[in-house]
Amino acid sequence: MATGFKIAEPLEYHRSFLKENCRPDGRELSEFRTTTLNIGSISTADGSALVKIGNTTIICGIKAELANPTADAPGKGYIVPNVDLPPLCSSRFRPGPPGEQAQAASQFIADVIESSEVIKAEDLCVDRGKLCWVLYCDIMCLDYDGNILDACIIALLAALKNTQLPEVTVNKETCSPEVNLEKRQRLRIHKHPASASFCVFDDSILIVDPTAEEESLSTAHLTVVTDEEGRLCSVHKPGGSSLSREKLQDCITRATARQREIHKLIDKVLDSVKTAK
């Protein structure tokens, strides 16, 4: 009977749980799904990470390439994030060029990189006006079950912390770069941003870490990004019903607590990777 009710009236089905302050998957309204992390799983990348939040699975691979800096930023390198939502991760996505959701996610990640200063573009400069690093951050969804933005940010941060760039010197006589693959140096990570995503039901009930089904039934979405100093880096709310100041403050408080958990998780996994080596 429950299955029929769920299919025929999905919103009423969810409301019947929300009334009891719980959700169809057994979680409380403010409870995140289990989050697991694997670092350095792509041997061909300069840095990589795989994240699972519930069933949502995201992998991030970072490739570093040498390039000429732009004329208006001669002392800076750059970071190019790209989020891919291929048909294999969900039936909602079609083959072809990136859809609206993938483009919006890529833009959101680019904004977070800039606003949080997770990496300073100056650190990617090799030779002012002549040579810099470009970090291509490919973020791909392998299984889509809601809340991809949180998973993308964890995967990106963990992959950046796993990235090692080879030593580069510029030959004075030939002016050409010489890359020493034997000597590698880790990226300098200045800040550790993490996000918490929420959905609003019936314009009033707030739930954290929504599944794909919860996202599709909600009246608004909100993602809050903070760093380890509790600084607000970004608030992303694409339309939907408005939120009161109290609810927004509640979201920021929860996002700050989530940031501490994620920071600990990344450090713990990185330590176990170093120990294994």
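In this chain, residues are counted from 1 in sequence order.
- In this structure, Ser244 contributes its side chain and Lys247 its backbone to a donor-acceptor pair below 3.5 Å.
- Proximity of Ile59 to Ser48: side-chain heavy atoms (C-beta onward) are nowhere separated by under 4.5 Å.
- With sequence neighbours excluded, the residues forming a ring pair (Phe, Tyr, Trp, His ring centres under 6.0 Å) with His192 are His263, listed by chain and number.
- Taking the ring axis of Phe198 as reference, the NZ or CZ atom of Arg254 does not stay both within 45° of it and closer than 6.0 Å to the ring centre.
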(request) Determine, step by step, whether Arg15 and Glu12 satisfy the salt bridge (Lys or Arg N to Asp or Glu O under 4.0 Å) criterion, reporting the C-alpha distance in whole Å, the side-chain angles of both residues, the deciding distance to 0.1 Å, and the verdict. (result) CA-CA 5 Å; Arg15 279 179 182 144; Glu12 286 304 327; 2.6 Å; yes
Which donor-acceptor pairs under 3.5 Å do side chains of residues 120-143 form with protein atoms, sequence neighbours excluded?
unit_1: Asp123; atom_1: OD2; unit_2: His190; atom_2: NE2; d: 2.7

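- Side-chain contact of Thr56 with Asn147: a donor-acceptor pair under 3.5 Å is absent, judged by distance alone.
- Two residues are said to be in side-chain contact when any heavy atoms from C-beta on lie closer than 4.5 Å; Ile53 and Ile154 meet this criterion.
- Checked for salt-bridge contact, Arg23 and Glu31 miss the test: no charged N lies under 4.0 Å from a carboxylate O.
- At a threshold of 4.0 Å, the pair Lys264-Glu261 does not count as salt-bridged, since none of the basic side-chain nitrogens sits closer than that to a carboxylate oxygen.
- Heavy atoms from other residues, nucleotides or ligands lying under 6.0 Å from NZ of Lys191 number more than 12.
- No side-chain heavy atom of Leu37 sits less than 4.5 Å from a side-chain heavy atom of Ile262.
- By the 4.0 Å N-to-carboxylate-O rule, Arg231 lies too far from Glu117 to be salt-bridged with it.
- Note on residues 144-171: pairs passing salt bridge (Lys or Arg N to Asp or Glu O under 4.0 Å), not counting sequence neighbours, are Arg33-Asp145, Lys161-Asp267.
- Using a 4.5 Å heavy-atom threshold, the side chains of Val112 and Leu156 count as separate.
- Residue Glu178 qualifies as enclosed at atom CD: its count of foreign heavy atoms under 6.0 Å is above 12.
- At distances below 3.5 Å, not a single donor-acceptor pair connects side-chain atoms of Asp46 with backbone N or O atoms of Thr163.
- Within 6.0 Å of CZ on Arg184 lie more than 12 heavy atoms contributed by other residues, nucleotides or ligands.
- No hydrogens or angles considered: nothing links the side chains of Glu213 and Tyr13 as a donor-acceptor pair under 3.5 Å.
- Classification of the Phe201-His14 ring pair by plane angle, with boundaries at 30° and 60°, yields parallel.
- Classification of Arg258 and Asp209 as a salt-bridged pair fails, no side-chain N sitting under 4.0 Å from a carboxylate O.
- Side-chain contact between Val208 and Leu206: absent, with no pair of heavy atoms (C-beta onward) separated by less than 4.5 Å.
- Formation of a donor-acceptor pair under 3.5 Å by the Gln103 side chain with backbone atoms of Pro98 is found in this model.
- Annotation: side chain of Leu222 is in contact with side chain of Leu248 (closest heavy-atom distance under 4.5 Å).
- The shortest side-chain heavy-atom distance between Thr169 and Asn180 does not fall under the 4.5 Å cut-off.
- In this structure a side-chain-to-backbone donor-acceptor pair under 3.5 Å is present from Glu214 to Thr211.
- Taking a 6.0 Å sphere around CD of Glu114, one finds it holds 12 or fewer heavy atoms contributed by other residues, nucleotides or ligands.
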